[in-house]
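First the structure, in the form of structure tokens, and then the observations on it.
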Amino acid sequence: MVWNSVGEFFHMGGYGLYVWGSVVVTFGFMLTEVLILRMRRQAILDHLGQARELDAADADEDQGGRS
Amino acid sequence: LHTDWARWMRGRGLEAPAFWRANRVPGPGGEGLTWSDLLDPQRVYDFAGRVQPWPAWLAIVFLALGFTFSLVLGMHGVAQLGMLHLPAIWLSVLLMVVVVFWSVVGLALGRTLPFLVAQAVAPTGGMFTFLALWSGALWARAVEGTWWIGDARQVAEVALFALNLLILALPTLVSGERRTDRAVCVVAVAGSALVAVVFFLVDGWQRFGAAAVPGMLADPRLLWPMILVGAGLWFYATYVALMRLRCLIKEREFGLSELFAARW
């Protein structure tokens with residue numbers, strides 16, 4: 001190990017801004033992508049759930065009309 | 001070209017891979033598992049859901065190993081910056097190769113699923129291209145004092161990013177699912193050939209004029225931590241692509257592609 005303190009670790013030999021700027025943006029993008037995909041999946045499931053409820057309502061109406 | 005692929009494989013005594021058989025999803029066909037199940041969206045949807053956690057955990061393990069390794073080796077400063085920059089470049093190129101490969105397979109077999117795999121991978125490739133450019137700019141600023149070096153690597157990466165943006169825009173530009181699939185295939189193949197031409201042209205031009213930019217792998221000890229980080233990013237890409245593939249399959253199944261066209 002070449003660091004004697006936490007501050008020295010974050011300083012990164014004078015390149016802290018560049019190193020951490022790269023690390024934070026990379027992992028930020030990766031986490032955001034996972035979140036976006038979860039939201040997309042949820043949106044599809046919500047949409048299909050609504051579609052299914054509408055179908056069920058239509059079916060009820062049909063049955064009500066017939067009986 | 002549109003032959004029965006499954007029968008062709010069986011005729012040559014080729015079985016479905018063991019991993020696929022071990023994680024098989026019971027389908028309408030019962031126990032028998034054939035090659036054509038690999039092209040059946042519903043079974044691939046279930047299979048992807050079943051194996052999905054594995055690449056996520058592997059990504060975390062490999063990324064942790066890579067960064068711990070680099071810290072144990074005492075890498076710091078600009079060397080640490082390369083730890084993400086070079087793997088991001090590898091991934092951006094590798095994922096474009098994957099996109100080209102699967103869309104060509106889709107065209108050859110005349111099936112939808114390989115096209116969906118290609119479109120599931122493309123946005124992640126675009127993201128890594130952007131990250132390669134971003135960390136490359138930071139690296140250039142830290143080492144050379146300028147945000148933009150303009151060497152063959154950087155120029156080709158910008159061209160690759162433009163290609164990725166075009167591929168991401170195609171579902172909104174082209175109407176019809178089959179036409180979108182073919183458009184992605186054509187653009188990916190032609191575009192990546194163009195990116196390669198750009199790289200070698202700029203590279204040749206700069207070698208002709210001035211000395212080439214030295215490599216970023218200043219310390220050979222960095223190679224192994226970098227390979228570990230690269231493997232971690234690869235598993236991450238697999239995880240995200242599986243998630244997106246499942247979304248794409250559902251969207252195609254229920255005719256939501258137009259509604260969700262602008263989602264990545």
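Just so we're on the same page: letters track the sequence lines, and every chain starts at 1.
Distance CD/B:Gln119 to CD1/B:Ile167: 9.5 Å, rounded to 0.5 Å.
Counting all heavy atoms, side chain and backbone alike, A:Val34 lies closest to B:Tyr239 at CG2-CE2, 4.1 Å.
Highest contact tally toward chain A, considering only B:Phe67, B:Phe254, B:Phe130, is held by B:Phe254 [criterion: heavy-atom pairs under 4.5 Å]. Interface remark: of the candidates A:Arg41, A:Met30, A:Arg38, A:Met30 forms the most heavy-atom pairs closer than 4.5 Å to chain B.
Under the 30°/60° scheme for interplanar angles, the aromatic rings of B:Phe128 and B:Tyr236 are found to stand perpendicular.
With contacts defined as side-chain heavy-atom distances shorter than 4.5 Å, the pair A:Arg40/B:Met243 does not qualify.
Of the two parts of A:Leu48, only the side chain, counted from C-beta on, holds a non-hydrogen atom closer than 4.5 Å to a non-hydrogen atom of chain B.
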